[in-house]
Number of protein chains: 2
Amino acid sequence: MLSSNRMSLMREEIRQQPNVLDRTLRLELRNIEKLKKRLAVKPPRMIVLAARGTSDNAALFGRYLLEIATGIPVSLAAPSIFTLYGANLKFDDLLVVAISQSGESTDTNLVLEKAKAGGAFTIGITNESASALAELADHVFLVRAGREKSVAATKTYTGQLLALYMIAYALGANLKTDDLRHLPQWAYDALRLENEIRERAGRYRFMNHAVVVGRGVNYSNAYEFALKMMETCYVVAERFSSADFLHGPIAMVEQSFPIFLFGPGGVTWPSMVEMRERLVGLRAETLMITDASNRAAAKLDKQTVVVIPAKLRHSGPLPDDLFTPIPYIVPAQLFAASLAVEKGFDPDKPRTLSKVTRTL
Amino acid sequence: MLSSNRMSLMREEIRQQPNVLDRTLRLELRNIEKLKKRLAVKPPRMIVLAARGTSDNAALFGRYLLEIATGIPVSLAAPSIFTLYGANLKFDDLLVVAISQSGESTDTNLVLEKAKAGGAFTIGITNESASALAELADHVFLVRAGREKSVAATKTYTGQLLALYMIAYALGANLKTDDLRHLPQWAYDALRLENEIRERAGRYRFMNHAVVVGRGVNYSNAYEFALKMMETCYVVAERFSSADFLHGPIAMVEQSFPIFLFGPGGVTWPSMVEMRERLVGLRAETLMITDASNRAAAKLDKQTVVVIPAKLRHSGPLPDDLFTPIPYIVPAQLFAASLAVEKGFDPDKPRTLSKVTRTL
């Protein structure tokens with residue numbers, strides 16, 4: 001149990017995110033121009049993303065971002081195909097990106113090694129410059145988060161999302177680096193919700209299960225929010241896209257069932273509103289995360305909406321919601337950190353877990 | 001509520017599976033030789049699988065099977081990238097497979113349409129010969145399940161798995177059609193567990209949440225078992241690979257937490273045993289599905305193992321567990337059908353759901 005006076009490392013690290021994003025952006029921008037030139041020589045036919053845990057949630061974001069912004073097909077690697085089944089893939093014209101906070105994830109490193117031997121161009125996204133992954137990859141993208149002490153990853157997740165934007169840029173996406181410069185400020189704006197979120201968390205003291213719904217570029221946030229609640233609050237938290245949720249799992253929903261939704265304005269908004277209306281009809285308890293640019297959300301019952309106090313608008317040709325995932329995960333991280341304390345748990349020391357997980 | 005005298009349609013359809021598999025195999029074998037010739041002319045650089053709900057779980061199996069058996073990279077489509085974000089993918093040398101029981105799933109059909117227009121070769125796997133999907137695809141693989149009346153899909157799932165084996169064969173996998181001929185018998189052998197499963201289900205009358213763990217080719221079965229429990233028993237059922245489960249979610253597990261595992265012999269066995277030992281250490285309640293060829297499982301406490309009374313061995317060069325997913329899902333389907341009745345629900349009429357779900 002965390003004494004109420006001490007701030008958790010998790011909360012400290014959540015607060016560091018604007019600085020981490022700013023530092024990573026500044027220091028990695030010049031590397032990214034080099035990568036851009038290199039990828040222009042031989043554009044990949046396909047992209048494979050390999051990761052586990054929180055990094056795999058970042059990969060799920062990359063899967064959407066890269067297909068939407070570059071048109072190159074993307075696949076999320078299933079590491080056991082290599083580590084257990086010993087299969088060989090046709091890797092020659094592929095780009096393979098491994099994502100790992102520690103850079104010491106045995107299975108994702110093995111995927112990268114196999115891919116490199118098979119002729120793929122490889123990128124490693126990691127927080128540790130002295131790691132096996134950094135040693136192995138053709139190009140290393142460093143998340144400049146400083147050491148992550150909390151077992152529950154927060155600042156490395158948003159750092160990994162930033163890295164994926166920069167890789168999209170290097171692959172020729174119509175994405176301005178100026179738009180990326182908004183992200184540290186937007187993360188800061190989201191942090192202004194800290195007190196509101198702490199107050200809201202008390203209501204969920206006795207919540208045992210939950211569903212998180214996200215769609216498109218925020219689908220990965222549904223996974224990440226659910227994972228944070230599983231790890232730090234021991235809530236049985238499921239995660240779905242709104243479309244998948246309608247294909248069966250919605251049958252679970254009864255009166256008072258708690259459901260969290262990521263609801264940015266833009267192309268996914270109509271499906272999230274429709275989903276929310278069905279859930280309200282089932283008398284579920286919903287809480288939606290959105291931002292001040294989404295005027296439609298202002299019409300909803302205030303008790304059921306968390307509004308990031310900034311308009312997350314960008315100037316480019318890409319979809320409206322493309323830059324929402326980093327600021328949107330911040331209130332979710334704060335919620336998990338607060339709820340853990342409400343429930344009497346120390347979010348920095350989830351039972352059964354350690355920081356580096358090695359699996360094959 | 002289902003009266004205890006009437007057998008549910010779900011149970012009837014679970015029982016039909018050996019016949020469905022046998023019929024589908026016989027009638028589709030000649031078509032598959034045609035497909036094999038066609039694919040040999042221009043082998044695809046990559047495979048994309050598009051589906052929703054239970055069919056998407058079948059696709060998850062296909063993702064493992066096709067990479068393991070053919071070495072061609074596989075991706076699971078994210079339909080919203082096309083339906084909401086309007087993105088264009090580079091489709092020209094791809095094979096795109098849409099899977100839909102009804103053949104009327106709006107979003108997966110749209111993915112197939114876009115892929116076809118972009119130059120991909122397209123295959124539809126469906127139970128309905130007169131559907132939009134059957135009309136649209138370059139090659140149609142018909143699951144000969146007869147009409148599926150239960151909202152909870154069972155016989156079309158195993159039929160879809162069979163279709164994916166046959167597509168692997170058509171892509172040149174070292175897979176003998178003779179090995180496929182075991183599958184109807186193995187499904188029948190699994191059905192012999194019906195009474196044992198019915199008796200076991202009573203114990204779970206008050207289970208509100210659960211985790212299902214599967215790995216490799218049985219990872220999709222973890223999704224499908226969890227979905228059946230969500231749809232018909234309203235249990236908040238999560239699904240993980242054993243590796244992902246260790247990367248965070250295992251923190252949820254406390255004494256008596258119910259966990260179901262798919263545990264075939266072969267390459268995934270050591271990781272499942274290790275996982276099970278950790279769970280027993282946490283005093284969780286585990287139940288593992290395995291078969292008579294897995295001698296290591298005979299050493300485990302009988303109360304915690306369901307053994308399919310047949311040796312699921314094949315003669316080919318592919319991994320030992322490659323043909324386990326169809327027989328292994330049968331006891332899981334039976335469990336969901338029995339548990340729904342124990343809980344006083346009608347598994348044929350899940351609240352909130354209808355048979356055809358249209359999403360964009």
Side-chain angles (χ1 to χ4, degrees), chain A residues 45-46 48 52-54 56 63-64 67-68 71-76 78-81 84-90 94 107 208-209 211 215-216 219 227 230-232 234-236 238 241-244 246-254 267-268 271 278 282 319 350-353 357 359-360, chain B residues 45-46 48 52-54 56 63-64 67-68 71-76 78-81 84-90 94 107 208-209 211 215-216 219 227 230-232 234-236 238 241-244 246-254 267-268 271 278 282 319 350-353 357 359-360:
Chain A
R45 177 63 190 99
M46 179 182 162
V48 173
R52 287 281 184 204
T54 289
D56 201 29
R63 188 246 177 290
Y64 281 80
E67 282 199 351
I68 292 169
I72 303 169
V74 181
S75 170
L76 297 172
S80 70
I81 286 176
L84 300 184
Y85 290 97
N88 279 310
L89 237 57
K90 296 180 179 96
L94 265 50
D107 44 5
N208 295 319
H209 58 255
V211 160
R215 198 149 192 215
Y219 183 37
L227 180 57
M230 289 190 265
E231 285 179 321
T232 64
Y234 315 141
V235 169
V236 181
E238 302 233 36
S241 89
S242 50
D244 292 325
L246 293 171
H247 279 263
I250 196 171
M252 294 185 298
V253 176
E254 55 199 353
V267 296
T268 65
S271 66
R278 280 193 73 176
L282 295 166
R351 61 188 182 201
T352 326
L353 300 183
T357 309
T359 52
L360 268 184
Chain B
R45 178 65 191 98
M46 180 185 161
V48 174
R52 287 282 185 204
T54 289
D56 202 26
R63 188 245 176 288
Y64 281 78
E67 283 199 351
I68 291 169
I72 304 169
V74 181
S75 170
L76 298 172
S80 70
I81 285 176
L84 300 183
Y85 291 97
N88 279 311
L89 236 57
K90 296 180 180 93
L94 265 50
D107 43 6
N208 295 319
H209 58 256
V211 160
R215 198 145 193 220
Y219 183 37
L227 180 57
M230 290 190 264
E231 286 179 320
T232 64
Y234 315 141
V235 170
V236 181
E238 301 234 37
S241 88
S242 50
D244 292 325
L246 292 172
H247 279 263
I250 196 170
M252 294 185 298
V253 175
E254 55 200 352
V267 295
T268 66
S271 66
R278 281 193 73 174
L282 295 166
R351 59 190 184 200
T352 326
L353 300 183
T357 310
T359 51
L360 266 185

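Heavy-atom basis, side chains included; hydrogens, waters and symmetry copies ignored. Chain naming here is simple, since letters A, B, ... match the order of the sequence lines and numbering starts at 1 in each.
- Listed by chain and number, the residues in a side chain to side chain donor-acceptor pair (under 3.5 Å) with A:Tyr85 are B:Asp321 (sequence neighbours excluded).
- Side chain of B:Arg278 to backbone of A:Thr352: a donor-acceptor contact under 3.5 angstrom is found.
- Using a 4.5 Å heavy-atom cutoff, the side chains of A:Arg45 and B:Lys90 are in contact.
- Only the backbone of B:Leu76 has a heavy atom closer than 4.5 Å to any heavy atom of chain A.
- Listed options B:Thr268, B:Asn88, B:Val48, B:Val267 were ranked by heavy-atom pairs under 4.5 angstrom with chain A; first place goes to B:Val267.
- Listed here is the closest heavy atom pair of B:Ala251 and A:Tyr234: O-CD2, 3.3 Å.
- With a 4.5 angstrom heavy-atom cutoff, B:Ala87 touches chain A only via side-chain atoms.
- Within the 4.5 Å cutoff, side-chain heavy atoms of B:Pro73 are placed close to those of A:Leu94.
- Across all their heavy atoms, A:Val236 and B:Met252 have their closest contact at CA-SD, 3.5 Å.
- Heavy-atom pairs under 4.5 Å with chain A peak, among B:Glu238, B:Met46, B:Glu231, at B:Glu238.
- Here the side chains of A:Leu246 and B:Arg52 are not in contact, with every heavy-atom distance at 4.5 Å or above.
- With chain B as the partner, the residue from A:Asp56, A:Leu227, A:Asn208, A:Thr232 showing the most heavy-atom pairs under 4.5 Å is A:Leu227.
- Ranked by heavy-atom pairs shorter than 4.5 Å toward chain A, the options B:Val235, B:Leu282, B:Ile81, B:Thr54 are led by B:Ile81.
- Heavy-atom pairs under 4.5 Å with chain A were tallied for B:Gly216, B:Pro350, B:Gly86; the largest tally goes to B:Gly216.
- Only the backbone of B:Val74 comes within contact range of chain A, with heavy atoms under 4.5 Å apart.
- Taking A:Pro79, A:Ser271, A:Pro249 one by one and counting their heavy-atom pairs under 4.5 Å with chain B, the maximum is reached by A:Pro249.
- If you measure heavy-atom distances from B:Val253 to chain A, the contacts under 4.5 Å come from the backbone alone.
- Using a 4.5 Å cut-off between heavy atoms, B:Asp244 contacts chain A through both its backbone and its side chain.
- The salt bridge (Lys or Arg N to Asp or Glu O under 4.0 Å) test applied to A:Arg351 returns B:Glu254, not counting sequence neighbours.
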